[in-house]
Amino acid sequence: MPGPGLWDDFMLWTSRNALASPSRTSTRPGNKRCYSTPIELYRTVNGKPRYWKTINPSVFVSRNNRIVITSIPSTTSRC
């Protein structure tokens with residue numbers, strides 16, 4: 001994701017990535033499903049991308065309504 005940007009845009013971008021290509025999924029209590037995938041983040045230093053860190057957003061989705069309940073940015077998955 002190009003940056004800098006707004007936090008909401010960043011969370012939308014990470015949530016879409018986790019839902020499109022999850023590396024981990026799990027069924028959660030309350031008829032929910034969790035999706036997560038590692039996403040590598042880079043910073044531009046002297047015009048070159050440099051690895052910064054990896055996050056594992058956890059996106060919780062209602063199984064019956066098919067809507068995102070919440071998306072949590074973290075370095076570890078909660079799925």
Visitor: Return yes when atom CZ of Arg28 has more than 12 non-hydrogen atoms of other residues, nucleotides or ligands closer than 6.0 Å, and no otherwise.
Guide: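 Enclosed: over 12 neighbouring heavy atoms sit under 6.0 Å from CZ of Arg28.
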Visitor: Rounded to the nearest 0.5 Å, how far does CZ of Arg63 lie from CD1 of Ile69?
Guide: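 Result: 11.5 Å between the selected atoms.
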Visitor: Look up atom CD1 in Ile39 and atom CG in Asn17, then write down how far apart they are to the nearest 0.5 Å.
Guide: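 Ile39 CD1 to Asn17 CG: 4.5 Å, rounded to 0.5 Å.
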Visitor: Indicate if Met11 and Trp52 have the same hydrophobic cluster label, given that clusters are the connected sets of ILVMFWY residues with side-chain heavy-atom separations under 4.5 angstrom.
Guide: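 Same hydrophobic cluster.
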Visitor: Roughly how far, to the nearest 0.5 Å, is the CZ atom of Arg43 from the NZ atom of Lys53?
Guide: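 So the NZ of Lys53 and the CZ of Arg43 are separated by 7.5 Å.
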Visitor: Test side chain to side chain contact (heavy atoms under 4.5 Å, CB included) on Trp13 and Asp9; report intermediate values, then the result.
Guide: CA-CA 6 Å; Trp13 179 77; Asp9 295 338; over 6 Å; no
Visitor: Is the closest side-chain heavy-atom distance between Arg78 and Ser36 below 4.5 Å?
Guide: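 The answer is no, as the side chains (C-beta and beyond) never meet within the 4.5 Å cut-off.
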Visitor: Considering non-hydrogen atoms only, spot the tightest contact between Ser15 and Val59 and give its length.
Guide: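 That would be CA-CG2, 3.9 Å.
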Visitor: Do Ser23 and Pro38 come close enough that some side-chain heavy atom pair is under 4.5 Å?
Guide: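 They are in side-chain contact.
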Visitor: Under the side chain to side chain donor-acceptor pair (under 3.5 Å) test, which residues partner Asn65, sequence neighbours left out?
Guide: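 Expected list: none.
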Visitor: Can you name the nearest heavy-atom pair linking Val45 to Arg50, along with the distance?
Guide: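 Answer, listing the atom of Val45 first, then Arg50: CG1-NH1, 3.8 Å.
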Visitor: How far apart are the C-alpha atoms of Tyr42 and Tyr51, what are their side-chain angles, what is the distance that settles it, and do they pass the side chain to side chain contact (heavy atoms under 4.5 Å, CB included) test?
Guide: CA-CA 4 Å; Tyr42 293 81; Tyr51 173 78; 3.7 Å; yes
Visitor: For the residue pair Ser62 and Asn64, what are the closest heavy atoms and their distance?
Guide: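 So the two residues come closest at OG-OD1, 2.6 Å.
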Visitor: Roughly how far, to the nearest 0.5 Å, is CZ of Phe60 from OG of Ser71?
Guide: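 Going from the OG atom of Ser71 to the CZ atom of Phe60 covers 9.0 Å.
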Visitor: What's the separation between atom SG in Cys79 and atom CZ in Arg24, rounded to the nearest 0.5 Å?
Guide: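 These two atoms lie 7.0 Å from each other.
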Visitor: Measure the CD1-OG1 distance between Ile55 and Thr37 for me, rounded to the nearest 0.5 Å.
Guide: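 Between Ile55 CD1 and Thr37 OG1, I get 10.5 Å after rounding to 0.5 Å.
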